[in-house]
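See below for the structure under consideration.
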Amino acid sequence: MSELKTKIGLEIHVQLATKSKMFCRCDNNAEKREPNTVVCPVCLGLPGTLPVTNKEAVTLTLKAGLAFNCTINDIAKFDRKHYFYPDLPKGYQISQYDEPFCSGGFLEICGRKIRLNRIHLEEDAGKLIHSNNKSLVDLNRAGTPLMEIVTEPDIESPLEAGEFLRKLQKIVKDVAKVSEASMEKGHLRCDANISVNDGDKMSEIVELKNINSFRFMEKALAIEDARLKEEYPNWLSKTKVTRGYDSKKNETYPQRTKEEAADYRYFPEPDLPPFKMNEFNLDALMSDLGEDEESKIENLKNLGMSEIEAKSLISNTKKFIFFNQLKDAIDKASIPMLGKAIVNNYFSSISELNDKIIIELVKAIEALAKNTISKGQFIEISKQIIDQSKTFEEILSDIGGKDIDLDKMIEKVLSSNQNEVKAYKSGKKQLFGFLMGAVMREGQGNIDPQIASKMLTDKLLKE
Ligand code: ZN
Ligand code: MN
């Protein structure tokens, strides 16, 4: 039997975090609002109304395009996509057909590039609620801006699909910052298509629709992957089938067959003029992109911080901003100490800093990193710099008497405990704790145990 390969493509709808809806001024946040109260003639699709594009939604789509390495197209337009459903009063959805805002692009997972086909912008439909043999419609969601991200079928396993979705969620939330990206609130919705081939013959493409969690999507794809491989080579002659997923039974089941693209009778939206990209400042959007959590941690580790401190630092936005205000002004070797000082609350307050304070704090942190002042002194000095706008030198000469020299202290401990040092060197390694204790007592709470321990180790090795 030849080797069977799986191909998976994804379509992800992302609800954009704009203030108002896509083509009207209705509030885009209808959370906890009564059904059909966040609506107007435009999003209700009443005859004679005219849509007006929400520029913020376009801007956010372009930002996402930049975050996913897409080509931003010079010209883009909206089209009408026709279909009938009770949650769509207009009878068509305003979407984008052949000229979307973004084309191409990719997202890298596990060192592999998954290509994107496109990112386009469209409006959401309302919601149908089925209860007691009745169907009710809530149009609060109608007209919400939705960004649709379509991948090429480059994903090779259900697990990889899960990995892709989790990374995508982080990027729309933390890098492009275009959506809250909450699965529970339905900000992210995903469809997938999966097929299996032996390099020659290909199975039908199974489309999985409306699955509301990444884990369920992974499970449903795993079921289809196994089923298609088991049925090989007796695959359906049909090219495309649609299936749903029942999370309680962990089963997939057949659904209505998908309409082909031609069935939607796309044509250009006559009420909205096309867009020219030179109306948008892409450079500004680019510089506004953030980093995702993983790369933030990786960058901090590259600067010499420990993983625990890096995680702690980025989990507190105020502290992370404080760190970034000082980071660029400080000499590189002192950056780990800066992180440590912030994470361990050596600063009396974490606030916005002016240039003068930054200059003085930088001197204090560099002095602490070089161990020419103690931790206790640093706490006092930084407090006076921030609260009283004094200079580092002024404060140091005020409190000067208390200065400690860790190097001298360790020498003193070693020379007054020569027997223990000898015994340590001949193999009694447990004496390190004793010597360390003596150093800490000597420092009277003013020294950093981690630095002292490292210095003591170095000295014991050298002697
Ligand atoms: Zn409206
Ligand atoms: Mn769509």
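Sequence positions, counted from 1, serve as the residue numbers for this chain. Bear in mind the structure is a predicted one, so any value in this text is a computation, not a measurement. Whatever order the structure lists them in is the order used to number ligands and atoms, beginning at 1.
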| message | Would Lys55 pass as a cation-pi partner of Phe280, given that its NZ or CZ must be under 6.0 Å from the six-membered ring centre and within 45 degrees of the axis? | response | yes
| request: Can you see which heavy atom on Phe378 is nearest to which on Ala341, and at what distance? | output: CE2-CB, 4.3 Å
| Is it true that some N/O/S atom of Glu148, main chain or side chain, lies under 2.8 Å from the Mn ion (ligand 2)? | yes
| task | Could you tell me whether any N, O or S atom belonging to His13 is less than 2.8 Å from the Mn ion (ligand 2)? | result | yes
| For the Mn ion (ligand 2), which N, O or S atom of Glu122 is at the shortest distance? | OE2
| Looking at Tyr92, does the NZ or CZ of Arg80 lie under 6.0 angstrom from its six-membered ring centre and within 45 degrees of the ring axis? | yes
| query | Can we call the ring centroids of Tyr264 and Tyr97 under 6.0 Å apart? | reply | no
